[in-house]
There are 2 protein chains.
Amino acid sequence: MKERETTEAVRGRMADRGIRFTGGRQAIIRALQITSGPQSAAELHRRLRGLVPLSSLYRSLAVMSEAGILAMHHSNGLARYELAEWLAGHHHHLVCLQCGSVDDFELAPRQEKELFALVAKVGGHHRYEVSNHALEVQGLCRSCR
Amino acid sequence: MKERETTEAVRGRMADRGIRFTGGRQAIIRALQITSGPQSAAELHRRLRGLVPLSSLYRSLAVMSEAGILAMHHSNGLARYELAEWLAGHHHHLVCLQCGSVDDFELAPRQEKELFALVAKVGGHHRYEVSNHALEVQGLCRSCR
DNA sequence: TGCGAATCGATAATGATTCTCATTATATGC
DNA sequence: GCATATAATGAGAATCATTATCGATTCGCA
């Protein structure tokens, strides 16, 4: 999905839910579009040059997560946000154990399909109602190795 | 690995590194042996009935993680600890999106091997020095569904 | 234009985790 | 067994990320 398209998709969903798509929130979505991997509140605050104060930033991240527009993950003791999968596509993460940075990657359809089947089997075996899965590759990133 | 064996393996590794295996630390290891899935500091504190005060508990968890005896994960905004893989065996997690509980599961050797190969390929592609991987199954647990 | 709800932004409060420091326990060599 | 150096303990303060509060402001819409 290209940038304009994503913005409009977000705008639509916000409107449906009676949530305002304010300047600050558009800036957050834009910042998440041009970066790879989930971003922490502090990273976004820095990236946005303080345009959105931390308190508003946290609130907007919560509101947009609640609305299913963002997905929240936890790593290195802090919360990181990225566009939800219906906007960004299903993908997985490489996390650097040294610096904590996170990169995205996608599996080939065939491999993703196999993984999905595997996960469904495991979930059934444990009486879980499975809604998603995440494969995390851990190691040292290009600049830390 | 059975309980006694694990305790002795931990004692050995601690001794090698000049780290003391005190009563409190033995209690932590015991508590992690008899529970399934990683435990947060608060859960361990409760489980140990306050035998080990929170400040000591956090310090011991950090020391034993540093020594490669425990593995730390983050979920729901808090850190959870479990025995490292050389003690507990390589495994993955089922996490409940409702209550936050975490269960362990193992893949069949054949599937684990395939996953390992897949992860190695992805890592190489991104110039990562891969050290491990984790598959997380997300959904509703038996009691939350 | 004006009303009401949603949002903003500064600040205080919270919760998890880490740090500090005086005291205590532990291992090791004698 | 005992002294001694060193690591660990425990209580409390401090820190960091995050959430709540609240009056002021802005937006969408009649």
Side-chain angles (χ1 to χ4, degrees), chain A residues 7 10-29 31 38-67 69-82 99-102, chain B residues 7-8 10-31 38-67 69-82 100 102:
Chain A
T7 302
V10 171
R11 186 190 306 284
R13 181 132 177 176
M14 302 279 274
D16 287 350
R17 306 209 171 198
I19 297 171
R20 292 188 195 154
F21 195 34
T22 62
R25 291 174 182 178
Q26 292 176 39
I28 293 170
I29 296 297
Q39 308 287 310
S40 69
E43 285 162 350
L44 284 169
H45 187 248
R46 194 165 43 70
R47 203 159 240 119
L48 295 173
R49 299 251 166 65
L51 172 70
V52 179
L54 265 182
S55 63
S56 301
L57 183 49
Y58 273 110
R59 198 158 3 87
S60 289
L61 290 172
V63 166
M64 292 193 287
S65 297
E66 186 61 34
I69 289 160
L70 302 182
M72 183 180 60
H73 307 279
H74 283 281
S75 66
N76 278 82
L78 42 99
R80 292 169 191 274
Y81 298 82
E82 64 182 346
C99 69
S101 67
V102 183
Chain B
T7 303
E8 290 314 308
V10 171
R11 186 190 305 285
R13 180 133 179 175
M14 302 277 276
D16 288 351
R17 306 209 170 199
I19 297 170
R20 294 183 191 160
F21 195 34
T22 62
R25 291 174 182 179
Q26 292 176 40
I28 293 170
I29 296 297
R30 236 177 294 122
Q39 308 288 310
S40 70
E43 285 162 349
L44 284 169
H45 187 249
R46 193 165 43 69
R47 204 159 238 118
L48 295 173
R49 300 251 168 63
L51 172 70
V52 179
L54 264 181
S55 62
S56 302
L57 183 48
Y58 273 110
R59 198 155 5 86
S60 290
L61 290 172
V63 165
M64 293 194 285
S65 297
E66 186 61 34
I69 288 160
L70 302 182
M72 182 178 63
H73 307 279
H74 282 280
S75 66
N76 278 86
L78 43 100
R80 291 169 192 273
Y81 298 82
E82 62 182 346
V102 183

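Below, chains carry the letters A, B, ... as their sequence lines are ordered, and counting in each starts from 1.
- When the local axes at the two ends of the helix from C:dT1-D:dA30 to C:dC30-D:dG1 are compared, using 5 base pairs at each end, they differ in direction by 30° after rounding to 10°.
- Rounded to an integer number of Å, the gap from A:R11 CZ to D:dC27 P is 13 Å.
- Side-chain to base pairing of B:R20 with D:dT6: one donor and one acceptor N or O lie within less than 3.5 Å of each other.
- Atom CZ of residue B:F21 and atom CZ of residue B:R13 lie 13.0 Å apart, to the nearest 0.5 angstrom.
- Under a cut-off of 6.0 angstrom, the local environment of CD in B:E66 is sparse, with at most 12 non-hydrogen atoms contributed by other residues, nucleotides or ligands.
- At whole-Å resolution of the value, CZ in B:R17 and C1' in C:dT26 are 20 Å apart.
- Checking side-chain atoms of B:H73 against main-chain N and O of B:R80 turns up no donor-acceptor pair under 3.5 Å.
- Side-chain atoms of A:I19 lie closest to C:dT7 of the nucleotides C:dT7, C:dC8, C:dT18.
- Checking B:P53 against A:M72, the closest nucleotide of DNA chain D that is more toward the 5' end is the one next to B:P53.
- Computed from coordinates, the A:L48 CG to C:dG9 C1' distance equals 16 Å when rounded to whole Å.
- For the pair A:R25 and C:dC8, the criterion of a side-chain N or O lying under 4.0 Å from OP1 or OP2 is met.
- The NE2 atom of B:H74 sits 8.0 Å away from the CG atom of A:L78 when rounded to the nearest 0.5 Å.
- Atom CG of B:L57 and atom C1' of D:dA11 are 15 Å apart (whole Å).
- Rounding to whole angstrom units, CD of residue A:Q39 and P of D:dT18 are separated by 13 Å.
- Among A:P38, A:S65, A:S60, the one residue that satisfies the side-chain contact (heavy atoms from CB on, under 4.5 Å) test with A:L70 is A:S65.
- Whole-Å rounding puts the A:M14 CE to D:dC27 C1' distance at 13 Å.
- Put simply, A:T22 has a side-chain N or O that comes within less than 4.0 Å of OP1 or OP2 on C:dC8.
- In this model, the phosphate group of C:dC8 is approached by a side-chain N or O of A:S60 to a distance below 4.0 Å at OP1 or OP2.
- Residue A:A79 is classed as a sugar-phosphate contact, given heavy-atom separations below 4.0 Å to backbone atoms only.
- The interatomic distance linking A:H74 (NE2) with C:dT17 (C1') rounds to 15 Å, in whole Å.
- We find that CG of A:L61 is positioned 15 Å from P of D:dA17, with the value rounded to whole Å.
- Between A:S56 and C:dG9, a side-chain N or O to OP1/OP2 separation shorter than 4.0 Å is present.
- Within the model, atoms CG of B:L51 and CG of B:L57 stand 10.0 Å from one another, a figure rounded to the nearest 0.5 Å.
- Salt bridge absent: B:R46 and B:E43 never bring a charged side-chain N and a carboxylate O closer than 4.0 Å.
- Under the side-chain contact (heavy atoms from CB on, under 4.5 Å) test applied with B:Q39, the options B:L44, B:V102, B:L61 reduce to a single match, B:L44.
- Among the nucleotides C:dA16, C:dC8, D:dT18, the one closest to any side-chain atom of A:R59 is C:dC8.
- The residue among B:Y58 and A:L51 whose nearest nucleotide of DNA chain C lies closer to the 5′ end is A:L51.
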